[in-house]
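For reference, the structure discussed in these notes is given below.
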Amino acid sequence: MTHHRSDLIRTLVERGFLHQCTDLDGLDRKASEGVITAYIGFDATANSLHVGNLVMIMMLHWIQKTGHRPIALMGGGTTKIGDPSGKDETRNLLDDATIAANIASIQEIFRPFLRFGDGPSDAILANNATWLDSLQYIPFLRDVGRHFTINRMLTMDSVKLRLEREQPLTFLEFNYMILQGYDFVELNKRYNCTLQLGGSDQWGNIIQGVDLGRRVANAELFGFTTPLITTASGAKMGKTAAGAIWLRADRLAPYDYYQFWRNTEDGDVGRFLKLFTTLPLAEIARLEKLQGAEINDAKKVLAFEATRLLHGDAAATAAAETARTTFEQGGIGEDLPAVTLPAAELAAGIPAWSLFQKAGLAASNSEARKLIRGGGARLNDQKVEDENQVVTGDAVTGGVIKLSAGKKRHALVKPA
RNA sequence: GGAGGGAUGGCCGAGCGGUCAAUGGCAGCAGACUGUAAAUCUGCCGACUUAUGUCUACGAAGGUUCGAAUCCUUCUCCCUCCA
């Protein structure tokens, strides 16, 4: 193992963020000599980021923590184009209003991870629409376009794959890499940004920026990519029954976020602790050694720490406590998702299947029936045998009715 | 512009006039086993107050037929080859 002099590179390497780097030693040197400015771009295709983006956010966090300056670049301009990398098909184009709303919503997510401001290592939030929107076609082609050869562009994976699979690639998308390259140069000019980080699928786009910087500005730029984070069983991270694991609390409750991490596969615990928490490596090494049932303790730490970073101490503590009472004591956790039901409706009696549907544990009435028939439904921890069983006010214990779908999904019904 | 091929449930992919709510696989949900893990096995997997019932669905709209995912016409989109 080579020795890295800078805290930044050492941290990123030791924690498993490195996949490829254009010049690791050169970057290490720069980072040990002074403050460097680094950026990561984020698409604005949805109104929240998800765990897939969390690796990037964690890197920005470490950049700042090791004394450097992170830039979170919102792709207000490039989202209008659509990145073809890793996609078989052209994306639907979003309108300006949607993109603007998405950006506003996404920005909130960075707040717990980064300190924004004007200081030397304070984070900057930028939006590439600032410079891309006003580009003039002919001048742009003359100044920037001449540095890109079609020959080279055709060798990029994002392009090559589409061509090989005989999937169409529009000229619009073909331009994406040029604009991303231009972003890097623009950020270099504005903020003296010299490093771009991204997922491994961004390598090609990043390289284009590095080259462009050298050609038009004689700037020494660096590129750094992370491995694609998959689970031990090979699945892409972040998809569950409920859909994507969103980072905004209004799209995924902190309790569910906690549960997502709590249910990590054994083989992933160590790697995830390094990537998604800020615990010291020595502590992680200790947790990683746990075997068998004890590994659950490591998972709890992972879940708590990850939740704390995103949603704060209080939310993490509440989620952990709810999980503890629910799973370890079979009790009722306060933080479980709850729905209220008019007391009159309950007094009149409501069929079990309807109740499960209303509580959000089944997407439709049919699904609720299937759940009950399959033996996966419980009411106050008693298995529901008959889907037509009528539930009345008698079922209320301690002010609530606890419903469970399977072992992991629980909800509360409160009469009101 | 010309000639062919294609569009099926979250995805892949069969079906090519009735027995098709549509084979298979993946994904998902639940059960058993466990450690709120993985692997394995089992069941479920369009909707509907659950009915040997109704409705919606095989790109869209019409048509033929007692009956169409399956045949015909037009349209939309995609692909391949030729120009």
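In the text below, chain A, chain B and the rest are named by the order of the sequence lines, each starting its count at 1.
For RNA chain B, the neighbouring residues in residues 291-299 of chain A, judged by any heavy atom under 4.0 Å, are A/Gly292, A/Ala293, A/Ile295, A/Asn296, A/Lys299. Of the residues in residues 367-374 of chain A, those with a non-hydrogen atom less than 4.0 angstrom from any atom of RNA chain B are A/Arg369, A/Lys370, A/Leu371, A/Arg373, A/Gly374. Looking at residues 304-322 of chain A, you'll see that no heavy atom sits under 4.0 Å from any atom of RNA chain B.
Atom CD of A/Glu283 has more than 12 heavy atoms from other residues, nucleotides or ligands within 6.0 Å.
Here A/Arg152 pairs with A/Thr149, A/Ile207, A/Gln208, A/Asp211 under the side-chain contact (heavy atoms from CB on, under 4.5 Å) rule; sequence neighbours left out. With sequence neighbours excluded, the residues forming a ring-ring contact (aromatic ring centres under 6.0 Å, His included) with A/Phe184 are A/Tyr39, listed by chain and number. In this view, A/Phe148 satisfies the ring-ring contact (aromatic ring centres under 6.0 Å, His included) rule with no residue, not counting sequence neighbours. By the side chain to side chain donor-acceptor pair (under 3.5 Å) test, A/Trp62 is found to be paired with no residue, residues two or more places apart in sequence or in another chain being considered. Residues satisfying the side chain to side chain donor-acceptor pair (under 3.5 Å) criterion with A/Ser404, sequence neighbours excluded, are A/His410. Every side chain to side chain donor-acceptor pair (under 3.5 Å) that A/Ser121 has, sequence neighbours left out, goes to A/Arg115.
Residues A/Thr226 and A/Leu197 are not in side-chain contact: their nearest non-hydrogen atoms beyond the backbone lie 4.5 Å or more apart. Side-chain contact between A/Arg308 and A/Thr278 is present, with at least one heavy-atom pair separated by less than 4.5 Å. Taking the side chain as every heavy atom from C-beta outward, A/Ile178 and A/Phe140 approach each other to under 4.5 Å.
Here B/U49 presents its C1' atom at 11 Å from CD1 of A/Ile350, a figure rounded to the nearest Å. Taking atom CG on A/Leu302 and atom P on B/A37, their separation rounds to 15 Å, with Å as the unit. Distance CH2 (A/Trp353) to P (B/U49): 5 Å, rounded to an integer number of Å. Atoms CD (A/Gln357) and P (B/C29) sit 19 Å apart, rounded to a whole Å. Rounded to a whole Å, the NE2 atom of A/His410 is 15 Å from the C1' atom of B/C29.
The shortest distance between the side-chain N/O atoms of A/Arg378 and the OP1/OP2 oxygens of B/A30 is not below 4.0 Å. Residue A/Lys358 places none of its side-chain N or O atoms closer than 4.0 Å to OP1 or OP2 of B/U49.
When only modelled atom types and interatomic distance are considered, A/Gln180 and A/Gln196 share a side-chain donor-acceptor pair under 3.5 Å.
Residues in residues 353-365 of chain A take part in these salt bridge (Lys or Arg N to Asp or Glu O under 4.0 Å) pairs, two or more places apart or across chains: A/Glu345-A/Lys358.
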Please table the atom pairs, donor to acceptor, closer than 3.5 Å between any side-chain atom in residues 10-18 of chain A and protein atoms at least two apart or in another chain.
from: A/Arg10; atom 1: NE; to: A/His4; atom 2: O; distance (Å): 3.4
from: A/Arg10; atom 1: NH2; to: A/Asp7; atom 2: OD1; distance (Å): 3.0
from: A/Thr11; atom 1: OG1; to: A/Asp7; atom 2: O; distance (Å): 2.6
from: A/Arg15; atom 1: NH1; to: A/Lys274; atom 2: O; distance (Å): 2.9
from: A/Arg15; atom 1: NH1; to: A/Thr277; atom 2: O; distance (Å): 3.0
from: A/Arg15; atom 1: NH2; to: A/Leu279; atom 2: O; distance (Å): 2.2

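Distance check on atom C1': B/C26 versus B/C45 gives 13 Å, rounded to whole Å. Atom name C1', nucleotides B/G46 and B/A22: the rounded distance is 11 Å, in whole Å. Using atom P as the reference point in both B/G63 and B/A57, the two lie 16 Å apart (nearest Å). Remark: the separation of the C1' atoms in B/C12 and B/G28 is 15 Å, to the nearest Å. Of the P atoms belonging to B/A69 and B/A60, the separation is 12 Å, rounded to the nearest Å. Taking atom P on both B/A51 and B/G13, the two are 39 Å apart, rounded to the nearest angstrom. As rounded to the nearest Å, B/U34 and B/C78 have C1' atoms that lie 49 Å from one another. For the P atoms, the distance linking B/U80 with B/G31 amounts to 48 Å, nearest Å.
Minimum atom distance to the side chain of A/Phe327 is reached by B/U36, of the listed B/U36, B/C29, B/G35. Closest to the A/Asn365 side chain, of the nucleotides B/U49, B/C29, B/A37, is B/U49. Of the candidates B/A47, B/U50, B/U34, the closest approach to any side-chain atom of A/Ser364 belongs to B/A47.
For the pair A/Gly375 and A/Arg262, both in contact range of RNA chain B, the more 5′-proximal nearest nucleotide belongs to A/Gly375. The 5' end of RNA chain B is approached more closely, in terms of each residue's nearest nucleotide, by A/Asn263 than by the other of A/Asn263 and A/Pro351.
Atom-to-atom distance recorded for A/Ile124:CD1 and A/Cys193:SG is 8.5 Å, nearest 0.5 angstrom.
With hydrogens and angles disregarded, a donor-acceptor distance shorter than 3.5 Å links the side chain of A/His61 to the backbone of A/Phe113.
Looking at heavy-atom distances under 4.0 Å, A/Ala405 makes contact with sugar-phosphate atoms alone, never a base. As judged by a 4.0 angstrom heavy-atom cut-off over every strand, A/Glu328 is placed among residues making no nucleic acid contact. Within 4.0 Å (heavy atoms only), A/Thr326 reaches no atom of the nucleic acid at all.
Between A/Phe276 and A/Trp261, the ring-plane angle classifies as tilted under the 30° and 60° cut-offs.
In RNA chain B, consecutive stretches of 3 or more Watson-Crick or G-U wobble pairs with both distances under 3.5 Å are given as paired ranges: B:1-7 with B:76-82, B:10-12 with B:24-26, B:28-32 with B:40-44, B:46-48 with B:53-55, B:59-63 with B:71-75.
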